[in-house]
Structures are given as C-alpha cells and as structure tokens.
Participant: 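Have a look at this one.
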There are 2 protein chains.
Amino acid sequence: MDSALRSRLSAAGVAPECAATIELVRDVLARVGDKWTVLVITALADGPLRFKTLHERTAGISQRMLSQTLRSLTRDGLVTRTAYAEVPPRVEYALTPLGRSLGDTVAHVVGWVQEHQAEIVRNREAFDGDDPTAR
Amino acid sequence: MDSALRSRLSAAGVAPECAATIELVRDVLARVGDKWTVLVITALADGPLRFKTLHERTAGISQRMLSQTLRSLTRDGLVTRTAYAEVPPRVEYALTPLGRSLGDTVAHVVGWVQEHQAEIVRNREAFDGDDPTAR
DNA sequence: CAGAATCCTTCGGGATACTG
DNA sequence: CAGTATCCCGAAGGATTCTG
C-alpha cells in the first residue's frame, strides 16, 4: 500500500523498501498539520515561555490540549521543558534547534499559503457560485 | 488572539491587522496536514488518474474520504475534475499548476522529516526510556 | 502555577447499501 | 464506474475539578 507516497519518496531519493519511513512521515506530517502544533511552535519562535504565558499567547487552545501538545513536542525533541524548583512552580518551554528547524520549514508552507490565498479564495467562490449545491 | 502566529506572520512580511489571513493559513495548513491530502496529491503528481485508479493507488483511504478529499481539493482549485460523457462513466482528476506548486512545497516538509527522522526516533526512545510512565 | 484526572459531547471516518 | 446516503463507533478534545 501507499504506492503513491512511496513513489514520491523514491523520487526524493529514499529507498522504496523502507515502509517505516512512510509511516513516520505521515506521523510527523500529521503532527505538523495538527491544529495546535503550528500555533505552539510559532509562539515559541520568539523565545522561551512559561506555561501560563504560552497558554495566553495561544488563545483558543484548552489547557488540556496545550499540555498534551507540549508533551508530544518534547518527546520528539522539538521543545525543551525546564522546571525550576521554586514556589510557585515555574516551567519554561523553548524550541530546540531541531524545533526551530522545523519551524522554518513550516514557515515555507505558511508562506505558500499567503502567496496563494487570494487565488484560493477566488477558486472557492467560483466553485460555490457555479454549483450552489456543492460546498 | 493568535498573537503568536500573527507575530510570525508579520516577521514574514504580512500586515498584522489581517486576521482573515490567519484563519485561512490555519485552514489550508489543516488541509495539508490532513491524513489524506498529501497522499492524494502525491498520487496525482505523476499524472492524471481516474477515480478507481486513484482509489487503488491510495490504499487505505475509503472511497467516501477519497471523494470528499477530491471535492475539497477541486474547490480550492488544486485539482481539476474532468468527466467524460461515456458509458461506463469516466472521470479524470489532475493537479492544477497551483496544486503542483503546493505539492512541491509539501515535498520540502517531507524532505525535512526524512532528513531528521532518525533524530526524532532517537529522541523518542530516549524520552520513553528516561521516564517509562510517559507515553 | 503547572498539570493530571474525570466526564461528556462532538465528529471524523469506516462499512455498507443504493443511484445515475 | 463514480459517486451519494445512512448508520454507527471510537477517538479528539472542551469544561471542570483535583493535586503537588
């Protein structure tokens, strides 16, 4: 299965027989495409933040999801978690070099969207206009 | 809200006051991160395909989701749908220039993942090993 | 403050059946 | 062949409460 992705991967110079790669690519792609990941990474792009500040800067995300997202990112080595033994507790999150690298890559996609957003909006309007039943 | 993304966008040269941009960026990002979009786009990268062939090449996706994904992509102007008035019916899907452009951009992310997958896997193992209770 | 745990609702998406 | 319509379950995720 996944012959399509596989062919694309092989075109990129990846051994076709590596099925694990495909799964991981999907996995990471899913994380990047995740509703919250990009938001968190971009929030941390400007520098380390503690939990609460991060929560404020990423308005819309629940504390549960933020916590969960941060743990995933930390696990993948994209973010560091530093807890200070103080009272009240203070925990700071920061991008690792790997995380910054991913942020830059994602920024390309963001750039693409910005470059073509007008066209996409126009396409949607044309589509919806041509066939009102669709949506 | 979304001050983080906004600041990142402004760093990329986007007017900070444009809130609609943020929503659209998220929207398109979500589509790209979607489980099936990348699969379909990469499948179409090699040339036009009819529905059934596409379904075979994208093993794992249900016909319902394929149909749904294709309609979204068509609506955004990333894919063209060409129906031939024959019997039995034949419908061909193909990437538009815009779709190909997006495919190339996404390929960068795919490339990033490939370049760093070993590191990510190592990070995960280290994380899980250090704290068995996690994940 | 930083989060873990619990509860509960929404919905993505698969299986199946039907239509043009 | 190329879909649309129905049904349905499991997972995602928000609100709330509890703990160190």
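The sequence lines fix the lettering, A, B, ..., with proteins before strands; numbering per chain opens at 1.
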Participant: Tell me, with the steps shown, if A/E92 and A/Y84 meet side-chain contact (heavy atoms from CB on, under 4.5 Å).
Facilitator: CA-CA 8 Å; A/E92 281 208 337; A/Y84 297 90; 4.0 Å; yes
Participant: Expressed as a whole number of angstroms, how long is the span from A/E56:CD to C/dA2:C1'?
Facilitator: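 Result: 13 Å.
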Participant: Tell me the interatomic distance from B/L49, atom CG, to D/dC1, atom C1', rounded to whole angstroms.
Facilitator: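 Computing the B/L49:CG to D/dC1:C1' distance gives 15 Å.
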Participant: More than 12 heavy atoms of other residues, nucleotides or ligands under 6.0 Å from NE2 of B/H55: is that the case?
Facilitator: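 Buried by this count: over 12 neighbours within 6.0 Å.
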Participant: Just by distance, no angles: are the side chains of B/W36 and B/T58 close enough, under 3.5 Å, to form a donor-acceptor pair?
Facilitator: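 Their side chains do not contain a donor-acceptor pair, so the 3.5 Å distance test is not met.
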Participant: The side chain of B/S62 lies closest to which of these nucleotides: C/dC1, D/dG3, C/dG14?
Facilitator: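 The answer is C/dG14.
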Participant: Nearest to the B/F51 side chain among D/dC1, D/dA2, C/dC1, which nucleotide is it?
Facilitator: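 Of D/dC1, D/dA2, C/dC1, D/dA2 is nearest to the side chain of B/F51.
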Participant: Whole Å only: how far is the OH atom of B/Y84 from the P atom of D/dA2?
Facilitator: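 Rounding to the nearest Å, OH of B/Y84 and P of D/dA2 are 12 Å apart.
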Participant: Apply side-chain contact (heavy atoms from CB on, under 4.5 Å) to the pair A/T96 and A/R100, showing each step before the final yes or no.
Facilitator: CA-CA 6 Å; A/T96 63; A/R100 232 170 291 124; 5.9 Å; no
Participant: Looking at A/S67, I'd like to know whether one of its side-chain N or O atoms comes within less than 4.0 Å of OP1 or OP2 on C/dA2.
Facilitator: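 Checking C/dA2 against A/S67, no side-chain N or O comes under 4.0 Å of OP1 or OP2.
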Participant: Of all the choices, D/dG14, C/dG13, D/dC1, which nucleotide is nearest to the side chain of A/R64 once you look at every atom?
Facilitator: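 Nucleotide nearest to A/R64's side chain: D/dG14.
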Participant: Would you mind classifying the nucleic acid contact of B/Q63 as base, sugar-phosphate or nothing, using non-hydrogen atoms under 4.0 angstrom?
Facilitator: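 It contacts base atoms.
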Participant: Which one, D/dG13, C/dG20, C/dA2, comes nearest to the side chain of B/P89?
Facilitator: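 Of the candidates, C/dG20 comes closest.
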Participant: Nearest-Å distance, CE (B/M65) to P (C/dG13)?
Facilitator: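 Nearest whole value for this atom pair: 6 Å.
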Participant: How long is the line joining CG of B/L70 and P of D/dC1, in whole Å?
Facilitator: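 These atoms are roughly 17 Å apart.
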Participant: Looking at the base of D/dG13, is there any donor atom on it, or on the side chain of A/Q68, that sits under 3.5 Å from an acceptor on the other one?
Facilitator: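 Such a pair does not exist between side chain and base.
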Participant: Regarding A/Y93, tell me which of base, sugar-phosphate or nothing describes its non-hydrogen contacts under 4.0 Å with the strands shown.
Facilitator: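 Sugar-phosphate, no base atom in range.
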Participant: What integer distance in Å separates A/E86:CD from C/dC1:P?
Facilitator: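 A/E86 atom CD is separated from C/dC1 atom P by 13 Å.
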Participant: Atom CG of A/L66 to atom C1' of C/dA4: distance rounded to whole Å?
Facilitator: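 Atom CG in A/L66 sits about 14 Å away from atom C1' in C/dA4.
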Participant: May I ask you to test the B/H116-B/W112 pair for a side-chain heavy-atom distance under 4.5 Å?
Facilitator: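 Counting from C-beta outward, B/H116 and B/W112 do come under 4.5 Å.
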Participant: Could you check how far NE2 of B/H55 sits from P of D/dG3, rounded to whole Å?
Facilitator: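 In whole Å, D/dG3 P lies 12 Å from B/H55 NE2.
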Participant: Is any side-chain N or O of B/R50 closer than 4.0 Å to OP1 or OP2 of D/dC1?
Facilitator: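 Negative; the distance criterion is not met.
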